[in-house]
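Here's the structure, in structure tokens; my notes come after.
Excluded from the calculations below are hydrogen atoms, water molecules and symmetry mates; all remaining heavy atoms, backbone and side chain alike, are included. Numbers for residues simply follow the sequence, beginning at 1.
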Amino acid sequence: MSDSNIETRKQELRVRLEGIRDSYNQNLNDIRAEVGFNGTEWSVADLLRHVTGAYYPNQVASLLEEDNPDLTTPAFDLGLAWERSTERIMGQISDALSLTNDLSAEQLQRTGFRSGDTVVVIDVLEGWAAHFEEHLSQLQNEIRPREGRSAR
């Protein structure tokens with residue numbers, strides 16, 4: 001792969017990730033925590049994320065590693081939880097964009113294998129962008145309309 005080709009892909013990926021970031025921002029900025037956590041029932045994934053959370057393992061670790069730790073947890077703050085959720089997605093998009101911006105042509109072409117196929121760093125970054133786009137489409141076209149928000 002030539003350096004000019006990798007630089008072109010890098011620029012396209014940078015623009016793509018910036019668009020993804022902007023679209024997530026646009027689609028999340030008017031959703032309050034009450035809507036973000038709205039739902040009449042949990043999905044299986046929601047349930048699994050909850051059950052496999054770090055709450056209990058962290059308490060065990062604290063008890064084993066600290067002298068008389070205070071295991072009291074503050075009351076659940078819906079607004080704070082929503083803020084953390086939206087910051088997490090925006091942070092991941094920013095991380096992908098930073099990697100795209102910062103990696104050299106040589107780094108973007110580093111190879112490895114996935115299921116017997118050769119893969120390079122920029123392939124993985126492009127896959128990450130596609131993952132963001134897939135779920136952005138879900139947010140725009142399915143979830144926002146279901147919650148009475150216009151598709152954006």
Side-chain angles (χ1 to χ4, degrees), residues 6-105 107-108 110 112 114-115 119-152:
I6 199 75
E7 287 299 328
T8 299
R9 286 176 69 184
K10 178 179 178 175
Q11 178 58 27
E12 290 170 352
L13 182 57
R14 178 183 302 121
V15 169
R16 185 175 170 191
L17 286 164
E18 288 169 348
I20 291 167
R21 177 194 58 207
D22 295 346
S23 290
Y24 268 98
N25 261 328
Q26 187 178 29
N27 281 277
L28 293 170
N29 71 7
D30 67 335
I31 295 178
R32 295 179 335 276
E34 293 78 16
V35 173
F37 287 99
N38 191 27
T40 56
E41 51 187 280
W42 282 11
S43 69
V44 173
D46 291 335
L47 182 136
L48 294 176
R49 276 192 299 272
H50 172 76
V51 172
T52 60
Y55 179 76
Y56 292 103
N58 285 347
Q59 286 191 1
V60 170
S62 291
L63 287 165
L64 293 173
E65 297 168 5
E66 301 171 28
D67 291 330
N68 300 312
D70 183 354
L71 302 179
T72 306
T73 56
F76 182 73
D77 182 329
L78 190 66
L80 181 59
W82 179 245
E83 183 180 325
R84 287 178 180 158
S85 294
T86 58
E87 285 175 355
R88 192 174 308 121
I89 183 65
M90 300 312 296
Q92 283 201 357
I93 296 167
S94 291
D95 290 347
L97 185 55
S98 291
L99 282 169
T100 299
N101 285 329
D102 297 344
L103 294 177
S104 68
Q107 289 171 311
L108 290 168
R110 287 187 54 91
R114 182 177 49 214
S115 302
V119 64
V120 295
V121 172
I122 197 158
D123 293 334
V124 175
L125 289 169
E126 290 168 339
W128 199 2
H131 185 75
F132 287 136
E133 288 169 330
E134 174 186 356
H135 294 293
L136 176 59
S137 176
Q138 219 175 4
L139 175 61
Q140 291 172 317
N141 301 316
E142 179 185 329
I143 298 169
R144 286 184 58 85
R146 182 183 70 219
E147 294 298 333
R149 303 276 189 235
S150 61
R152 292 187 173 185

Please round to the nearest 0.5 Å and tell me the distance separating atom [atom1] of [X] and atom [atom2] of [Y].
X	Y	atom1	atom2	value
Glu34	Trp82	CD	CH2	10.5 Å
Gln59	Thr73	CD	OG1	7.0 Å
Ile20	Asn25	CD1	CG	12.5 Å
Glu134	Leu139	CD	CG	13.0 Å
Ser137	Ile143	OG	CD1	10.0 Å
Ser23	Glu18	OG	CD	12.0 Å

Hey, are the side chains of [X] and [Y] touching, using non-hydrogen atoms and a 4.5 Å cut-off?
X	Y	answer
Arg9	Asp123	yes
Arg84	Arg88	yes
Trp128	Leu17	no
Thr86	Tyr24	no
Lys10	Ile6	no
Leu103	Ile122	no
Leu108	Leu125	yes

Is it true that [X] and [Y] make a salt bridge, defined as a side-chain N closer than 4.0 Å to a carboxylate O?
X	Y	answer
Arg16	Glu133	yes
Asp30	Arg144	yes
Glu147	Arg149	no

Determine the minimum heavy-atom distance between [X] and [Y], stating which atoms define it.
X	Y	answer
Asp77	Leu80	OD1-N, 2.9 Å
Ser62	Pro69	O-CG, 3.5 Å
Gly79	Ala33	CA-CB, 3.7 Å

Exceeds 12 heavy-atom contacts within 6.0 angstrom, atom [atom1] of [X]:
X	atom1	value
Phe76	CZ	yes
Asn29	CG	yes
Arg114	CZ	no
His135	NE2	yes

* Asked: Any luck finding a side-chain donor-acceptor pair between Asp102 and Ser98 under 3.5 Å?
  -> no
* Structure fact -> When Thr8, Thr100, Leu97 are each screened for side chain to side chain contact (heavy atoms under 4.5 Å, CB included) with Leu13, the one that passes is Thr100
